[in-house]
Colleague: 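My questions all concern the structure below.
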Amino acid sequence: MTPDEYAGRCTRFLQAQPHMRKLGVELVDAEASRVTLRLPVNPELVSGGLETYLHGGVLTTLVDAASSVSTLCALEAFELCPTLDLRIDHMRIPSETRPVYVDAECYRITRSVLFTRASVYQDDKSRPVANAVATFMRPEGGAVVSDFQQLIEGGDDAATA
Amino acid sequence: MQQLLEMVKAAHASGDYQPLVDLIPYARMLGVECACYGEEVIFKLPANPDTIGNPTIPAIHGGVIAAFMELTAQFQLTLQMPQPGLAKVIDFSLDYMRAGLHRDTFAICTISRQGRRIGNCSVLAWQERKSRPIAQARAHFLLDASPIQESAT
């Protein structure tokens, strides 16, 4: 697949998820097995005085999303893979007034399980805010053809999905 | 911090912890509620179309479930901190057991060990029955309130 095809698949997948639209999560870059997503500064996530850091929970959501999107760039066809487990280590406090980036990579594919790792940062990749690893379960018998799969894969059939 | 101390005191006195929950923007966005039954605090994530991650089932976004559980732990520990300040998450590890369907989700946190600086806890999340959890998590939190702005860059 070309980077554009990966990007299309990932963008359609993000757009299909109401919570990703709510947070405004965007695709920055997609290539084989890797993606970068951005969480823009969101006034709804700014606490107004008491503390000036972004709540860790938002990062967990972002990491889960990016890890799952990275699996789209590692598989031949789109498969809806639920998360089995996710572990995130928080290394420093993110600022709520700057966008947050996450690089995720699906680094191992087996018949049943996908393994991913992700790194969250703001201005400087070498100063990560958080690191995470996750595993995903592949559907039994491989990709299932469905309206949702058609929608994510795009192409001519997408309009009717 | 004084403001937070006052709020924790007021919450302990009235048993209404909602103002504390609403302090966290993401908790407010998700609409997290909490109810106190004696020593037990049960948190609720009301069904909300904005939290859907998988539109086909439909199911709640896995990250939302994780964030909700993390919030549950953070509040449970914050309420028990010796000094005012929000407990800060160090690590969080989550096992998903079932899809979180588009309905109300509940969570409860058990503190396994609370030291002077570090708190260790586990969180259970369920929907219809507590005996059929949708996810379980364990986490460490930093309880030192002071250097909150320390490494903002």
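Residue numbers begin at 1 in each chain, while the letters A, B, ... track the order of the sequences. Computed from heavy atoms alone, side chains included, the values below leave out hydrogens, waters and symmetry copies. No experiment lies behind these values; they were computed from the predicted model shown.
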Colleague: Using non-hydrogen atoms only, which part of Leu30(B) is less than 4.5 Å away from chain A: side chain, backbone, both, or neither?
Modeller: side chain
Colleague: Can you say whether Leu80(A) sits under 4.5 Å from chain B via the side chain, the backbone, both, or neither, judging by heavy atoms?
Modeller: side chain
Colleague: For side chain to side chain contact (heavy atoms under 4.5 Å, CB included), just list the numbers for Gln17(A) and Asn54(B), CA-CA rounded to whole Å, side-chain angles, deciding distance to a tenth of an Å, and then say yes or no.
Modeller: CA-CA 6 Å; Gln17(A) 302 178 56; Asn54(B) 177 344; over 6 Å; no
Colleague: Under 4.5 Å heavy-atom distance to chain B, tell me which part of Asp124(A) shows up: side chain, backbone, both or neither.
Modeller: neither
Colleague: What are the two closest non-hydrogen atoms of Ala67(B) and Gly57(A), and how far apart are they?
Modeller: CB-O, 3.4 Å
Colleague: Spell out, as yes or no, whether a donor-acceptor pair under 3.5 Å connects the side chain of His19(A) to the backbone of Asp50(B).
Modeller: yes
Colleague: Please walk me through it: do Leu94(B) and Asp85(A) pass side chain to side chain contact (heavy atoms under 4.5 Å, CB included)?
Modeller: CA-CA 5 Å; Leu94(B) 177 72; Asp85(A) 75 57; 6.0 Å; no
Colleague: Find the one option among Ala139(B), Gly53(B), Gly63(B) whose heavy-atom pairs under 4.5 Å with chain A are most numerous.
Modeller: Gly63(B)
Colleague: Taking atom CD of Glu128(B) as the centre, does the number of heavy atoms from other residues, nucleotides or ligands within less than 6.0 Å exceed 12?
Modeller: no
Colleague: Would Leu59(A) and Tyr26(B) satisfy side chain to side chain contact (heavy atoms under 4.5 Å, CB included), going step by step from the backbone distance to the final call?
Modeller: CA-CA 11 Å; Leu59(A) 301 188; Tyr26(B) 197 48; over 6 Å; no
Colleague: Counting neighbours of CZ on Arg34(A) that are heavy atoms of other residues, nucleotides or ligands and sit closer than 6.0 Å, is the number greater than 12?
Modeller: no
Colleague: Given the options Ile88(A), Leu23(A), Thr60(A), which has more heavy-atom pairs under 4.5 Å with chain B than any of the others?
Modeller: Ile88(A)
Colleague: Between Leu84(A), Asp123(A), Val129(A), which residue shows the highest count of heavy-atom pairs closer than 4.5 Å to chain B?
Modeller: Leu84(A)
